[in-house]
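In what follows, every chain begins at residue 1, and chains take the letters A, B, ... in the order their sequences are listed.
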There are 2 protein chains.
Amino acid sequence: MEADTPRIEEYLESIYKLQQEKHPVSTSRLAEHLKLSPPSVSEMIRKLAGKDLISHSEKGICLTEHGKTIAKKVIRRHRLSERLLTDILGFKWDEVHEEACRLEHAISPEMEERISESLGNPKTCPHGHPIPDKDGVLITEKVRPLSELKAAQKGIIVSVFEEDPKMLQYLATLGLMPDVCVRVEEVAPFGGPLIVCVSGSRYALGREVASKIKVK
Amino acid sequence: MEADTPRIEEYLESIYKLQQEKHPVSTSRLAEHLKLSPPSVSEMIRKLAGKDLISHSEKGICLTEHGKTIAKKVIRRHRLSERLLTDILGFKWDEVHEEACRLEHAISPEMEERISESLGNPKTCPHGHPIPDKDGVLITEKVRPLSELKAAQKGIIVSVFEEDPKMLQYLATLGLMPDVCVRVEEVAPFGGPLIVCVSGSRYALGREVASKIKVK
DNA sequence: CTCATTTATTAGGCATGCCTAACAACATAG
DNA sequence: CTATGTTGTTAGGCATGCCTAATAAATGAG
Ligand SMILES: [Mn+2]
Ligand SMILES: [Mn+2]
Ligand SMILES: [Mn+2]
Ligand SMILES: [Mn+2]
């Protein structure tokens, strides 16, 4: 019954992440995220459904409880790997995603626990996303995208929903990282950029980017 | 021209290790070490020869220069992984082989360097085997097996050529680890055991095991 | 409502790596 | 020298995961 390959783990991980954003996960969005052709994904979807890891109705792809459990384990290993890479090996937050994406499939439960312990059981990855605990319990803070703030409102960055190294590097130069306080100075109309103030400096920030920065 | 899969890396790594011991590496020994069927190995051998990674004459399998270069890279990653596992994550030396054998294929050149730096560029793995440097240079100390020592001779353990966790655990309880001084008290005749003295205690040690412990 | 685009699936392949069964080649013990 | 066991290879398969081309189904703009 159990037969989890790295590829299956990777699909479940992606489905989980996509579910976070917009609810119905489609074949095409999944194919795009995984950088695979739609037929490849279509085929795997059928297999995952056969293994009772997802349900595949007309309204999209959904993880089953079993699928969600596995996805959270993969995500735990991914995020712990990221922390290992930044906190112990000195990587920057924009360098860790791809590396962690490989490591997550090569880590035993024992190593997972040792990493967690060695790091003092961290609660989040370097991008601010919560790390599911050993039992799959995931504490999600109530957040909203920076793009929803009105002029003069401020918030503390909780997480940055972005994987692209270039973008992460850019955000780091602006100081837009978890735990940092941002104030919205101005919101340009017609979907224009936000003017934000971060530790004394002002920057113009596109709506697209701002929507990926979650604040509380 | 380049097309290195984890499996190819694993084969080259095994061939390299087997070459260290007895010279002519045979299909069957390789199959046994890799825990694969002889036909599977036979097939891969042909492929590796086609990629100019090994030469396959009647007198056995030999790594080419190119093959040796790749093998040493894999071994560097393996041994650095072992050090990471023991020195930073708190694993014991008997718990790291299998784990490292997976990690070695999931580590980028950048991560390899970061691990090495973070550990202070270690020269050996926890079992005392030398870690090839960035450029593949490998410093091999002149050693001889403990089993070749005569009564009253002593030596310092350099390395332990053993992968089996049970055996490593056993050796650790006796204190037979790198940098430890051993004195041979007695050598039983007809291939019998050695009586050795390690930090004040005496133990009987089979020839087989003793031959895997290298001293200087 | 209809035609065109987007989205999903089928069909047919291919590469990688593994397996078992059968056979060939060789060594060597009797 | 022959029978036997060891070693290696061929032949034929299978599972996994990916691809392109073609087709079907759904959507939505005019
Ligand atoms: Mn991943
Ligand atoms: Mn992250
Ligand atoms: Mn290995
Ligand atoms: Mn080692």
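- In this structure, B/Arg29 places its CZ atom 17 Å from P of D/dT6, rounding to the nearest Å.
- Put simply, A/Tyr11 has no side-chain N or O that comes within less than 4.0 Å of OP1 or OP2 on D/dT16.
- Residue pairs satisfying the side-chain hydrogen bond (donor to acceptor under 3.5 Å, both in side chains) criterion with at least one member in residues 140-149 of chain A, sequence neighbours excluded, are listed as follows: A/Glu141-A/Lys216.
- Applying the salt bridge (Lys or Arg N to Asp or Glu O under 4.0 Å) test to B/Glu65 and every residue at least two apart in sequence or in another chain returns B/Lys68.
- Proximity of A/Leu80 to A/Glu112: side-chain heavy atoms (C-beta onward) are separated by under 4.5 Å at one or more points.
- Side-chain N/O atoms of A/Ser40 include none lying less than 4.0 angstrom from OP1 or OP2 on D/dG17.
- A/Lys92 meets the salt bridge (Lys or Arg N to Asp or Glu O under 4.0 Å) test with A/Glu95; sequence neighbours excluded.
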When you compare the protein's N or O atoms with those of nucleotides 23-29 of chain D, which come within less than 3.5 Å of each other, and at what distance?
none

Distance-only check: which donor-acceptor pairs under 3.5 Å involve side-chain atoms of residues 204-214 of chain A, not counting sequence neighbours?
residue  : atom : partner  : partner atom : Å
A/Arg207 : NE   : A/Gly192 : O            : 3.1
A/Arg207 : NH2  : A/Ala188 : O            : 3.0
A/Ser211 : OG   : A/Glu208 : O            : 2.6
A/Lys212 : NZ   : A/Glu162 : OE1          : 3.0
A/Lys214 : NZ   : A/Ser211 : O            : 3.0

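- A salt bridge between B/Glu32 and B/Lys35 is absent, with no side-chain N of the basic residue lying under 4.0 Å from a carboxylate O of the acidic one.
- Counting to the nearest Å, the C1' atom of D/dC18 and the CD atom of A/Glu10 are 15 Å from each other.
- Contacts with DNA chain C (heavy atom under 4.0 Å) in residues 30-38 of chain A: A/Pro38, listed by number.
- In this structure, A/Ile8 atom CD1 and D/dT16 atom C1' are separated by 9 Å, rounded to whole Å.
- Contacts with DNA chain C (heavy atom under 4.0 Å) in residues 42-49 of chain A: A/Ser42, A/Arg46, listed by number.
- Residues B/Cys62 and B/Val25 fail the side-chain proximity criterion, which asks for heavy atoms closer than 4.5 Å.
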Write down the protein N/O and nucleotide N/O pairs, taken from nucleotides 24-28 of chain C, whose separation is under 3.5 Å; answer none if there are no such pairs.
none

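- A salt bridge (charged side-chain N to carboxylate O under 4.0 Å, His left out) with A/Arg77 holds for exactly one of A/Glu113, A/Glu9, A/Glu104; it is A/Glu9.
- Residues meeting the ring-ring contact (aromatic ring centres under 6.0 Å, His included) test with B/His33, sequence neighbours left out: none.
- Within 6.0 Å of atom CD in B/Gln153, more than 12 heavy atoms from other residues, nucleotides or ligands are found, so the atom counts as buried in its surroundings.
- Partners of B/Arg79 according to the salt bridge (Lys or Arg N to Asp or Glu O under 4.0 Å) rule, which considers only residues two or more places apart in sequence or in another chain, do not exist here.
- Neither OP1 nor OP2 of C/dT16 sits under 4.0 Å from any side-chain N or O of B/Arg7.
- Listed nucleotides D/dT20, C/dA8, D/dG8 differ in distance to A/Ser26; the shortest reach to its side chain belongs to C/dA8.
- The separation between A/His56 atom NE2 and C/dT7 atom P is 14 Å, rounded to whole Å.
- Projected onto DNA chain D by closest heavy-atom contact, A/Pro6 and B/Val25 fall at different nucleotides, the more 5' of which corresponds to B/Val25.
- With distances taken from any side-chain atom of B/Thr5 to the nucleotides C/dT16, D/dC18, C/dA11, the minimum falls on C/dT16.
- One interatomic measurement links the two molecules: CD of A/Glu9 to C1' of D/dT16, which rounds to 15 Å at whole-angstrom precision.
- Using a cutoff of 4.0 Å between basic side-chain nitrogens and carboxylate oxygens, B/Glu13 and B/Lys17 are scored as salt-bridged.
- Proximity note for B/Thr27 (side chain, C-beta onward) versus D/dG8, D/dC19, D/dA11: the nearest is D/dG8.
- Residues meeting the salt bridge (Lys or Arg N to Asp or Glu O under 4.0 Å) test with A/Lys73, sequence neighbours left out: none.
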Show me the donor-acceptor pairs, under 3.5 Å and distance only, between side chains in residues 127-139 of chain B and residues at least two apart or in other chains.
residue  : atom : partner  : partner atom : Å
B/His127 : ND1  : B/Glu82  : OE1          : 3.1
B/His127 : NE2  : B/Trp93  : O            : 2.9
B/His129 : NE2  : B/Val160 : O            : 3.2
B/Asp133 : OD1  : B/Asp135 : N            : 2.7
B/Asp133 : OD1  : B/Gly136 : N            : 3.1
B/Asp133 : OD1  : B/Val137 : N            : 3.0

